[in-house]
Amino acid sequence: MTSGTASGTAALQERRYRILVTGYAISSYGTFLNVVALSLYVYAVTDRALAVGVFMAVRLAAGFVAGLAAAAVLARWSAKGVMFWANVAQAAALLLLVLAPDGFRTGTLFAVSAVVGASGTLFMVTLRSSIPDMVGEGRHTWANSLMVSGRSMAMVAGFASSGVVVSLLGYTAAFLVDMATFLVCALTVLLLPMPMGPARGNERGNEGKDSQGKDVEDGQGSQEEEGADGQGRRRDGRRRVPAALVALGAVPVLGLMVALRGIDALGSSSHNAALPVYSTELDADNPAVFVSVFWCVWALGNVLVQQVLQRYTKRTGRSVGALGFGLGTIAMSGTFILAFAGLPWAATVVIALLAGAADGLTEVSYTSHLQTLPSPLRTHAFGLSATVENLGFGVGMIVVAAALDVFTPLSVVGVAHGAAIVLALVYVARVLRGRGEAQVEEPQEGEEAQEAVPGSEAQEGKQGDQGDQGEGESGAGPARGGHRDGAEVSGG
């Protein structure tokens, strides 16, 4: 392939990905508009605050289950098909809610909650795990930054306009707007140069294997299992290994990274629940002012850091890596705690800006880390991550809501985000220790060192530098940005 052809292909990939991100941002606007409009509608229909909590619980539970099932779904259907139908399903659920008779609206609401929760999780798992195939090697950080920027701006627009849309146009109009946003996203998915139907046979065949070609669990069982003993053993006597566990063990600190992501989700639930309470304490007459300003500035910080990350990656050929994820989590949790400390407005605005920047940094570095896994394991890892995040956020919302009746917002947020800081410190220490070990010993053939794992950062470095290095080199030398920690994305 000539350089001109390769450049043209890359430009086409980038253009189509930008179109997809535009559609995703539009649907994200609908999602955040949904969060407000549906919650208000549930209360209006049922006249019970408990129903609002149950509605959110159903949504999170559906997302939890969808995360567990994502790998099995993608083993049988193409990524394009899953993303398309996930958007269509959400649009259809909202249309059903609009058309539902009065006597069936309560039941329809909870059905919509389940569909939106499951479909939204499936879409995000599929999108994140498919980005390496959409944009090519070395473009992960740019692609993730663009995705996060679009979602951040959509969040602000969705939250800011929800009150106006519901107040001026009514619930029906709000739901129809939401439905239209999901249909727009579905149309942008159709433009992707990917197959639409069921996954190809060779892809299904590879789904049950790890990066070394060994059999792993695909979430649906196997015909090779012994049906008589019920012990989950293969006919040759070897116990099958769950693919999610293989994914966690494929790259150093990945398991700890996913656990930290779950605790971080619990921390997120604390500030989401505490913000309205704290804002009311500051100004009982206009409680929405502090919340609106905080999230707008937060989103600005998130968008700004994406521009910095894209330029950093383009200039250096590497991303912030696993260490950046840990340090970003510490900074994010620390700034969210400070946001409830009663500081002057000017200081709080700066804190909100830093919180958004740190949040954007952790999102991109975390997603990029998981994208270094081989395709089958990558899907399992993103599905497991979505499950852990939904679990952390769901449990957090229950615990935090109860705690806020007894303790101050600062103490509740301090404990939740403090737990994330503690685990992040352990994680950072583990990453630094791994870097120190990598400096003093070279991986040997057959060892389970991260540099030897296909799909890991160092393995990508090998593939990208094949013309310049011998077969046994690690690809982690100065030409590729120095020491590897398993999370950095090859630059290009």
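The side-chain heavy atoms of Y41 and F55, taken from C-beta on, include no pair separated by under 4.5 Å. For the pair Y17 and I131, the minimum side-chain heavy-atom distance is below 4.5 Å. Residues M56 and M397 have side chains not in contact (no heavy-atom distance under 4.5 Å, counting atoms from C-beta outward). Within the 4.5 Å cutoff, the side chain of S152 has no heavy atoms near those of the V156 side chain. Put simply, the side chain of L266 does not reach to within 4.5 Å of the side chain of F393, judged on heavy atoms. Two residues are said to be in side-chain contact when any heavy atoms from C-beta on lie closer than 4.5 Å; V82 and F123 fail this criterion. No side-chain heavy atom of F325 sits less than 4.5 Å from a side-chain heavy atom of V431. Side-chain contact between M134 and L20 is present, with at least one heavy-atom pair separated by less than 4.5 Å.
Inspection of the N144 and Q371 side chains reveals an N or O donor paired with an N or O acceptor under 3.5 Å. Side chains of Q306 and S149: a donor-acceptor N/O pair is absent below 3.5 angstrom, by distance only. T329 and D264 share no donor-acceptor pair across their side chains, judged by distance under 3.5 Å alone. A donor-acceptor contact closer than 3.5 angstrom links the side chains of E389 and S385.
Annotation: the span from Y427 atom OH to I263 atom CD1 amounts to 15.0 Å, rounded to 0.5 Å. Considering CZ of R151 and CG of L146, their distance stands at 12.5 Å, rounded to 0.5 Å. Between the CG atom in L109 and the CG atom in L96 there is a gap of 10.0 Å [rounded to 0.5 Å]. T108 OG1 to L94 CG: the interatomic distance, rounded to the nearest 0.5 Å, is 11.5 Å. Going from atom CG of L361 over to atom CG of L327 covers 8.5 Å, rounded to the nearest 0.5 Å. Separating the CG atom in L74 from the OG atom in S130 is a distance of 6.5 Å, to the nearest 0.5 Å.
Between A424 and G326, the closest heavy-atom pair is CB-O, 3.9 Å. For the pair V413 and A274, the tightest heavy-atom approach, listed with the atom from each and the gap, is CG2-CB, 3.7 Å. Among all heavy-atom pairs drawn from T379 and A71, the shortest one is CG2-CA, 3.6 Å.
When each of N390, L68, V65 is checked for a side-chain contact (heavy atoms from CB on, under 4.5 Å) with T121, only N390 meets the rule.
In summary, the aromatic rings of W295 and F32 are positioned with their centroids too far apart to meet the 6.0 Å limit.
A donor-acceptor pair under 3.5 Å is absent between the side-chain atoms of R59 and the main chain of V116, judged by distance alone. For H417 (side chain) and G267 (main-chain N/O), a donor-acceptor pair under 3.5 Å exists by modelled atom type. A donor-acceptor contact shorter than 3.5 Å links the side chain of S119 to the backbone of V115. The main-chain N or O of F64 is found under 3.5 Å from a side-chain atom of T387 such that the two form a donor-acceptor pair.
Residue pairs meeting the side-chain hydrogen bond (donor to acceptor under 3.5 Å, both in side chains) criterion with at least one member in residues 21-37, sequence neighbours excluded, are Y29-S161.
A salt bridge between K80 and D133 is absent, with no side-chain N of the basic residue lying under 4.0 Å from a carboxylate O of the acidic one.
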Show me the donor-acceptor pairs, under 3.5 Å and distance only, between side chains in residues 180-188 and residues at least two apart or in other chains.
unit_1, atom_1, unit_2, atom_2, d
T181, OG1, D178, O, 2.6
T188, OG1, C185, O, 2.6

V135 vs E14, side chain to side chain contact (heavy atoms under 4.5 Å, CB included): CA-CA, chis, key distance, verdict | CA-CA 6 Å; V135 301; E14 179 175 321; over 6 Å; no

Is there a side chain to side chain contact (heavy atoms under 4.5 Å, CB included) between L370 and R128 once you walk through the steps? CA-CA 9 Å; L370 267 60; R128 287 172 173 170; over 6 Å; no

Apply side chain to side chain contact (heavy atoms under 4.5 Å, CB included) to T367 and E363, showing your working. CA-CA 6 Å; T367 303; E363 173 75 12; 3.8 Å; yes

Report task. Under the side chain to side chain contact (heavy atoms under 4.5 Å, CB included) rule, what do T362 and D359 come out as? Steps first, then yes or no, please. Result -> CA-CA 5 Å; T362 57; D359 209 346; 3.8 Å; yes

